[in-house]
Number of protein chains: 2
Amino acid sequence: MDSQQDSPTGKGSQRARWKQDPEGVRSNILAVALKEFSEHGLSGSRIDEIAAKTRTSKRMIYYYFGDKDGLFQKVLEEAYRHVRDGEKELHLEDLAPVDALRQLVEFTFEHHRRNPDFIRLVMIENIHNGDYLRKSELIRSLNQTAISRIEAIYNKGVEAGLFRKGILPVAIHWQISALSFFNVSNRMTFSQLFGGDLFDEKGQDQLRRQIADSIIRFVSSETPA
Amino acid sequence: MDSQQDSPTGKGSQRARWKQDPEGVRSNILAVALKEFSEHGLSGSRIDEIAAKTRTSKRMIYYYFGDKDGLFQKVLEEAYRHVRDGEKELHLEDLAPVDALRQLVEFTFEHHRRNPDFIRLVMIENIHNGDYLRKSELIRSLNQTAISRIEAIYNKGVEAGLFRKGILPVAIHWQISALSFFNVSNRMTFSQLFGGDLFDEKGQDQLRRQIADSIIRFVSSETPA
DNA sequence: CCACTTATGTACCGTTCCGTTAATTTGTCA
DNA sequence: TGACAAATTAACGGAACGGTACATAAGTGG
C-alpha cells in the first residue's frame with residue numbers, strides 16, 4: 001500500500017517533467033479508493049469523499065473507471081496483485097519440509113497482519129457474494145501458485161515419511177488462510193468479547209508460533225517435538 | 001432465525017385476538033432487518049426496503065428503534081442472543097476430554113454453518129470496527145460461557161495426561177472460531193479462487209472432521225489415533 | 001502551427017433515502 | 001364512557017449522492 005509518488009509514469013518513462021500525468025492520476029485515485037472502500041465498505045464509501053481526498057477531481061474517476069462499481073473492481077484487482085507480489089519474496093525450495101511449512105505459515109500470518117486493508121476488502125467482497133471477483137479474469141490467474149507451493153512442500157514431506165498421506169493441499173491452504181485471515185478480520189469483535197491479550201505484540205508472536213505448530217501437527221505422521 | 005409467528009405477544013399473553021400487536025410488529029421488523037442487513041450490509045440496506053418487506057410501515061421502525069443505527073444495534077443483539085441460545089443444546093459434561101472436544105468443535109462448525117446470517121452480521125460489525133458491539137452491555141455478558149466450557153474440558157484433559165500444558169483456553173476457542181467462521185465468511189471468494197470441492201456436502205463433512213482432528217492434535221500430548 | 005485526441009476542471013441534475021410532521025385509530029382505566 | 005396513552009398510517013422535506021454536460025487545457029503527429 002505504498003505506491004503513488006511515482007507520478008511521472010514510472011515505467012521507463014520517456015516523458016519526464018509533464019504537467020499531465022494519466023498514470024499518476026489513475027493510481028492516485030486507486031490508492032485513495034482502496035483506503036476509503038476498505039474503511040467504509042462499498043456502499044458506505046462516497047464518491048465525493050474519494051474525489052476530495054484525491055489530487056484530482058470527481059470527473060476523473062468517471063473518466064477512468066466508468067462508475068463506482070468499476071472503480072471497486074479495479075481497486076480489488078490492484079489489491080490482489082499487490083499482495084500476491086509481496087508473496088514472491090518467499091523462497092522455500094531448499095528448506096526441509098517441516099521448516100518450509102513453518103516458514104510459509106508464519107509468513108502468511110504476518111503478511112495478512114501487515115495488509116489489513118486488503119483483508120477488509122476481501123471481507124467486503126464476500127459480503128457482496130464475490131460478484132466482483134467473479135468478473136475478474138485477472139485475479140483467478142494469480143492464485144494457483146499458492147496451492148502448488150504447498151503441494152510441493154507436502155509431497156516432499158510425504159516422501160520423507162514426515163507427513164501423513166491423504167490430505168488435500170487445498171485443505172492445508174484453507175486452514176492456513178482461515179487462521180491468518182480471522183486474526184485480522186475478526187479482531188475487533190473477538191477482542192471485545194474475549195479480551196485483547198491475543199492481539200498485542202507478545203500475544204501475536206505466540207499466536208503465530210502456535211498456529212504454525214498447529215498446522216505442522218495437523219500434517220505430521222508423528223507428534224513433532 | 002425462526003421466531004415471528006408468535007404475534008399475539010407470546011409470553012403468557014392475556015390479551016388474545018388483538019388488532020394491535022406491538023411485540024409482533026417489533027419482532028417482525030427485527031427479523032426482516034436481520035435478513036436485509038446481513039444481505040446488503042449496514043449502509044447498503046435501505047430503510048424503505050426493510051419497511052416494505054415488513055407487515056407494518058416505515059414510521060414504526062423509527063417509533064421502536066429511533067434510527068437506522070439503533071435498528072442495527074438491536075438486530076445485532078437479537079442475533080447474538082439467538083445464536084447463544086442455540087448453543088445451550090450442547091451437553092459435554094460426562095464425555096471424555098477428547099470426545100468432548102471433538103463434539104464441541106464439530107458442533108461449532110455446524111452451528112456456524114447453519115447461521116450464515118449471523119456470521120455475515122458479525123463480518124459487517126467488524127468492518128465497522130465493532131462500534132455497535134461496544135455499545136452493547138448485553139452481548140458481552142453472553143460470551144464468557146464459551147471460554148469456561150473449553151476451560152473445563154481442557155483442564156480435565158491435562159489432569160488425565162491427554163493434553164499438554166501451557167495452552168490458553170481462549171487460544172483454543174480462538175482457533176475453533178477461526179476455522180468455523182472462515183468456512184462461512186470466506187466461502188464465496190475462496191471457492192472462486194480454489195474451487196468449490198471443500199464446500200459441497202461431502203467436502204464439508206470431511207472438513208468438519210478434519211478441523212476437529214486438527215484441534216485435537218493441537219492440544220494433545222501425543223499423536224491421536 | 002494546425003487539426004485532432006487525450007486529459008482535466010466546474011457546475012449542475014435527478015433520484016434516492018433517512019428521517020419527520022401531523023393526524024387517526026386502538027386500547028386502558030378510573 | 002370519557003380522558004388519556006399507546007400504536008399506527010399517510011404524506012412530505014431536505015440533504016446527500018451518483019452521475020453527466022459542457023467547456024477548455026495539454027499534448028501529438030503532420
Side-chain angles (χ1 to χ4, degrees), chain A residues 4 6-11 13-33 36-37 39-75 124 128 131-132, chain B residues 4 6-11 13-30 32-33 36-37 39-75 124 128 132:
Chain A
Q4 262 40 51
D6 52 321
S7 296
T9 172
K11 276 196 174 180
S13 148
Q14 56 282 65
R15 38 180 172 177
R17 68 174 58 251
W18 246 29
K19 244 182 160 180
Q20 291 188 181
D21 180 14
E23 284 311 310
V25 167
R26 232 186 101 95
S27 67
N28 174 241
I29 293 173
L30 282 175
V32 172
E36 207 67 9
F37 280 137
E39 214 160 297
H40 305 115
L42 175 49
S43 24
S45 293
R46 304 290 151 231
I47 292 279
D48 287 302
E49 185 66 21
I50 294 173
K53 292 181 179 170
T54 291
R55 89 159 87 107
T56 179
S57 68
K58 179 160 70 154
R59 181 68 186 78
M60 286 292 91
I61 296 177
Y62 289 96
Y63 184 66
Y64 283 119
F65 303 99
D67 60 7
K68 203 185 189 186
D69 283 353
L71 177 58
F72 186 78
Q73 179 89 21
K74 287 299 195 306
V75 165
I124 291 161
H128 291 278
D131 291 342
Y132 297 89
Chain B
Q4 262 42 50
D6 51 323
S7 296
T9 170
K11 274 195 175 180
S13 149
Q14 56 281 63
R15 38 180 172 176
R17 68 177 55 253
W18 246 31
K19 246 181 157 180
Q20 290 190 180
D21 181 13
E23 285 309 312
V25 166
R26 230 185 105 95
S27 65
N28 175 240
I29 293 173
L30 282 174
V32 171
E36 207 66 10
F37 280 137
E39 215 161 296
H40 305 116
L42 174 50
S43 23
S45 293
R46 304 291 150 232
I47 292 278
D48 288 299
E49 185 66 20
I50 294 174
K53 293 181 179 170
T54 291
R55 89 159 87 107
T56 179
S57 70
K58 178 162 72 157
R59 183 65 185 78
M60 287 293 91
I61 296 177
Y62 289 96
Y63 184 66
Y64 285 119
F65 303 100
D67 60 6
K68 203 184 187 184
D69 283 353
L71 177 59
F72 185 78
Q73 179 91 21
K74 286 300 192 314
V75 166
I124 291 161
H128 291 278
Y132 298 88

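For clarity, every value in this text was computed on a predicted model and none was experimentally measured. Proteins get letters first, then strands, A, B, ... in listed order; numbering begins at 1 in each. Just so you know, these numbers use all the heavy atoms, side chains as well, and skip hydrogens, waters and symmetry mates.
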To the nearest angstrom, how far is [X] atom [atom1] from [N] atom [atom2]?
{"X": "A/Ile61", "N": "C/dG9", "atom1": "CD1", "atom2": "P", "answer": "11 Å"}
{"X": "A/Arg46", "N": "C/dC17", "atom1": "CZ", "atom2": "P", "answer": "10 Å"}
{"X": "A/Met60", "N": "D/dT20", "atom1": "CE", "atom2": "P", "answer": "14 Å"}
{"X": "A/His40", "N": "D/dA16", "atom1": "NE2", "atom2": "P", "answer": "16 Å"}
{"X": "A/Arg55", "N": "C/dA7", "atom1": "CZ", "atom2": "C1'", "answer": "13 Å"}
{"X": "A/Asp48", "N": "D/dA15", "atom1": "CG", "atom2": "P", "answer": "16 Å"}
{"X": "B/Glu49", "N": "C/dC17", "atom1": "CD", "atom2": "C1'", "answer": "12 Å"}

Looking at [X] and [Y], what are the two nearest heavy atoms and their distance?
{"X": "A/Ala33", "Y": "A/Leu71", "result": "CB-CD2, 3.9 Å"}
{"X": "A/Asn28", "Y": "A/Arg55", "result": "OD1-N, 3.0 Å"}
{"X": "A/Thr54", "Y": "A/Ile50", "result": "OG1-O, 2.9 Å"}
{"X": "A/Ser57", "Y": "A/Ala51", "result": "C-CB, 4.3 Å"}
{"X": "A/Ser45", "Y": "A/Gly41", "result": "OG-O, 2.7 Å"}
{"X": "B/Leu42", "Y": "B/Asp69", "result": "CD2-OD1, 4.2 Å"}

Residues of residues 63-75 of chain B with any non-hydrogen atom less than 4.0 angstrom from an atom of DNA chain D: list those, numerically ordered, please. B/Tyr63, B/Tyr64
So which nucleotide from C/dC18, D/dT9, C/dG9 ends up closest to the side chain of B/Lys58? C/dC18
Could you check which of D/dG18, C/dT20, C/dT10 has an atom nearest any side-chain atom of B/Tyr62? C/dT20
Please tell me if B/Ser57 has a side-chain N or O lying less than 4.0 Å from either OP1 or OP2 of D/dT8. no
side-chain N/O B/Arg59 vs D/dA10 OP1/OP2, d < 4.0 Å: no
A/Ile47 vs B/Thr56, nearer the 5' end of DNA chain D by closest nucleotide: B/Thr56
What nucleic acid atoms does A/Thr54 come within less than 4.0 Å of, heavy atoms only: base, sugar-phosphate, or nothing? nothing
Describe the nucleic acid contact of B/Ser45 in one word from base, sugar-phosphate, nothing, applying a heavy-atom distance below 4.0 Å. sugar-phosphate
Degree of bending, the helix from C/dC1-D/dG30 to C/dA30-D/dT1 (end axes from five pairs; round to 10°): 10°
Starting at CD1 of B/Ile29, measure out to CD of B/Glu36 and round the result to the nearest 0.5 Å. 13.5 Å
Supply the atom-to-atom distance B/Phe37 CZ to B/Leu30 CG, rounded to the nearest 0.5 angstrom. 10.0 Å
Over 12 non-hydrogen atoms of neighbours within 6.0 angstrom of NZ in A/Lys74: no
